Number of protein chains: 2
Amino acid sequence: MLTERQLLILKAIIDDYVCHAEPVGSRSVSKRDDMNFSPATIRNEMADLEELGFLEKPHSSAGRIPSQKGYRYFVDHMLSPAALSKNEVSDIRLMYEQRFLEFEKIIQQSAKILSSLTSYTSIVLGPEIFESRLHQIQLVPISKDNAVAIIVTDTGHVENQAVSIPEGLDIGEIEKIVNILNERLRGVPLIHLRHKLTTEIRNVLAKYIDHHEQAIELLNSAFKDSHNEKVYYAGKTNILSQPEFNDVNRVRELLNTLEEDALVSRLFRSEEQGVRIRIGEENQFAPFDDCSVITATYSMDGKHLGTVGILGPTRMEYQRVVGLLDFFSKDLTNLLKQRYQKSD
Amino acid sequence: MLTERQLLILKAIIDDYVCHAEPVGSRSVSKRDDMNFSPATIRNEMADLEELGFLEKPHSSAGRIPSQKGYRYFVDHMLSPAALSKNEVSDIRLMYEQRFLEFEKIIQQSAKILSSLTSYTSIVLGPEIFESRLHQIQLVPISKDNAVAIIVTDTGHVENQAVSIPEGLDIGEIEKIVNILNERLRGVPLIHLRHKLTTEIRNVLAKYIDHHEQAIELLNSAFKDSHNEKVYYAGKTNILSQPEFNDVNRVRELLNTLEEDALVSRLFRSEEQGVRIRIGEENQFAPFDDCSVITATYSMDGKHLGTVGILGPTRMEYQRVVGLLDFFSKDLTNLLKQRYQKSD
DNA sequence: TGTTAGCACTCCCGGTTAACGAGTGCTAAA
DNA sequence: TTTAGCACTCGTTAACCGGGAGTGCTAACA
């Protein structure tokens, strides 16, 4: 275990490095108010901390910087999430209050607020669309051959998908089909739609619809768009201001990664309740080796819905970000409850 | 006017510079197959071309690079759009044929193809949403207080907007309202919806609906979302591979700009038929001073719909890009005609 | 025994210098 | 009119150097 003094020094170094992005030397540590030891003493401790793997030296005559293990220790044992200031809280509330927002807009807005408060990149995963339930389905014919299938979920989310109308189905039949679907499928989670379609609905359609096989085909393509959850970004370029991303090649790699929604969503998705911190290589993904990812989940009815997260350099203001995400995760959960749960 | 030989040399320099991104000297120009003059002769001509403003020197003992005026001259007088190779054409066709695509997907796909073929950044502006006409409108209540307004256009585009239901309106009335709207407003350009609402529709509603003022309020907010045209990007980070964007600050500035859809749309929108080239400062926008923007329009029923464009360094393969965009602009117009026009 | 002052050493950084090479402009000859 | 020759310019690179920040070690001190 680390001694009291070692903790103090480790914390001081992390603090300083997070703030100034430069190796910190014994002299500057010893000058801190809460530090009553000479540089020489500090140096001894720093050597020990380095031996233990919590610090490293960029080169032999530079100061020390925290290692990944150092950050990890700090985060695990010494982190007290920063409480938000009153101003921050009211700022956030204000941004949500602006007007009635649909589910998606709330999520999007959250991403914006987060990135503007942290000046890191924020990434918010929307709910697995399949988790939500069918509220209403519409089939709007556009021409003789084409139509748009519109699915509205219980959260007010709207999905639409162009479909072609198979030979033989006429407008009247389509209307009948839609009525049947709305009767039978309201409240069904989107993820079960296709299954229901090939069982229960197939039978019902067979009874009432002439060209039921064509109808099934149509509906199949209407339901097929397996939209994963949406990924909302804000402050994508914030991270370029960090001195560790001064190299265009690295930047390109990182930004390319961020364009791949599926990848990002896989990396960010977190099923655990609460705040989760992944530091550097813990992300198991080379382009993020110098980044830390902090995520928190939000939920509704106690069911996990999505994830809010921050992507920054490993040299990140952990306490602040953790505090913020914690707040957001709870606030978002509350907000959603307030807005949507009462409609059940 | 420039002599035959000057043209030849200017073209050679542009070719070389576009390809290698380095100032080109008299020696390398004279070595070209079609160049039967000594370096000294070339040097004289180059000095003349510089005096005329078509070339410039980064410093006194470097080779020459084309000036903006040089590119402009090249583009205006010497550009023969490169015809696409058979392979390219069939590649493109293939990508469109994959499956039935709704309007938006086609546009999006086009952006992808363009960027992958050019390795520049491609930007495609969707149709001014207001230009398209209302096909159908739906109001789907989600809870007692909230609903989703869904607008389907004649191109199969779907817009949706969360609205709150004013006190006093009940489900029955909402249904009546929707019916009235669909009867009266089908075929009306979206841009005229709000006007119609406050004139014709207001009167009709006043006649048939009890809480018609609340209804107007509801519809107003349903129509308010003044969605400009959508902007689709592809290959956003391609431009980072260009050596002229080796500076992170410049990159940040550029990428920040690209996040501002409204700005980009204003800069790219082109009303003129055909291909349009803006070189460097011709863009009238500082972050694009080292960029060229080439755009072409696509249309339907002879009516201008949107713009396809390429953003690259001023040192761009003009002939190839112009050829491509020309092809795209026509192909897209055809495709849209084939898919949507017959439904009229 | 823990702490600290002192000191030699290491290594980065910024500035200077020198050699080099690519390219030019000019002059004079073909 | 073209071209060979040559002096000159200027950016690039490598080598070098001194200063400074920081370290590790040692020895003295409380």
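Predicted, not measured: the structure shown is a model, and the values here were computed from it. Chain A is the first sequence line, chain B the second, and so forth, proteins listed ahead of strands; every chain is numbered from 1.
In this structure a side-chain-to-backbone donor-acceptor pair under 3.5 Å is present from A/Asn283 to A/Cys291. Side chain of B/Tyr120 to backbone of B/Gly235: no donor-acceptor contact under 3.5 angstrom is found. Counting only distance, with no hydrogens or angles, the side chain of A/Arg250 and the backbone of A/Glu244 share a donor-acceptor pair below 3.5 Å. Distance alone, capped at 3.5 Å, places no donor-acceptor pair between the A/Thr307 side chain and the A/Leu125 backbone. Side-chain N or O atoms of A/Thr237 include none that pairs as donor or acceptor with a backbone N or O of B/Leu255 at under 3.5 Å. At least one donor-acceptor pair closer than 3.5 Å links the side chain of B/Ser67 to the backbone N or O of B/Gly53. Between the side chain of A/Thr295 and the backbone N or O of A/Ser270 there is no donor-acceptor pair closer than 3.5 Å.
Judged as a ring-ring contact (aromatic ring centres under 6.0 Å, His included), and not counting sequence neighbours, A/Phe37 has no contacts. Scored by the ring-ring contact (aromatic ring centres under 6.0 Å, His included) test, A/Phe288 finds A/Phe285 as partners (sequence neighbours excluded).
The separation between B/Ile13 atom CD1 and C/dG23 atom P is 12 Å, rounded to whole Å. Counting to the nearest Å, the P atom of C/dG23 and the CD1 atom of B/Ile65 are 14 Å from each other. Whole-Å rounding puts the A/Asp48 CG to C/dG2 P distance at 12 Å. The nearest whole Å value for the distance from the CZ atom in B/Arg64 to the P atom in C/dG23 is 12 Å. Between A/Glu4 atom CD and C/dG2 atom P the separation is 17 Å, expressed in whole Å.
Map B/Arg5 and A/Lys57 each onto its nearest nucleotide of DNA chain D; the residue landing nearer the 5' end is B/Arg5.
A 4.0 Å heavy-atom criterion places the boundary nucleotides of DNA chain D facing chain B at D/dT2 to D/dG11, written 5' to 3'.
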Short heteroatom pairs, N/O only, protein and nucleotides 13-20 of chain C, under 3.5 Å:
none

I'd like a table of donor-acceptor pairs (distance under 3.5 Å, sequence neighbours excluded) in which one partner is a side-chain atom from residues 17-27 of chain B, with atom names and distances.
unit_1: B/His20; atom_1: ND1; unit_2: B/Asp16; atom_2: O; d: 3.3
unit_1: B/His20; atom_1: ND1; unit_2: B/Asp16; atom_2: OD1; d: 3.3
unit_1: B/Ser26; atom_1: OG; unit_2: B/Arg43; atom_2: NH1; d: 3.3

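One can find a donor-acceptor pair under 3.5 Å joining the base of C/dT10 and the side-chain atoms of A/Ser61.
Partner of A/Arg64 under the salt bridge (charged side-chain N to carboxylate O under 4.0 Å, His left out) criterion, out of A/Glu56, A/Glu50, A/Glu51: A/Glu50 alone.
Residues from residues 21-47 of chain B with heavy atoms under 4.0 angstrom of DNA chain C, sorted by number: B/Gly25, B/Ser26, B/Arg43, B/Met46.
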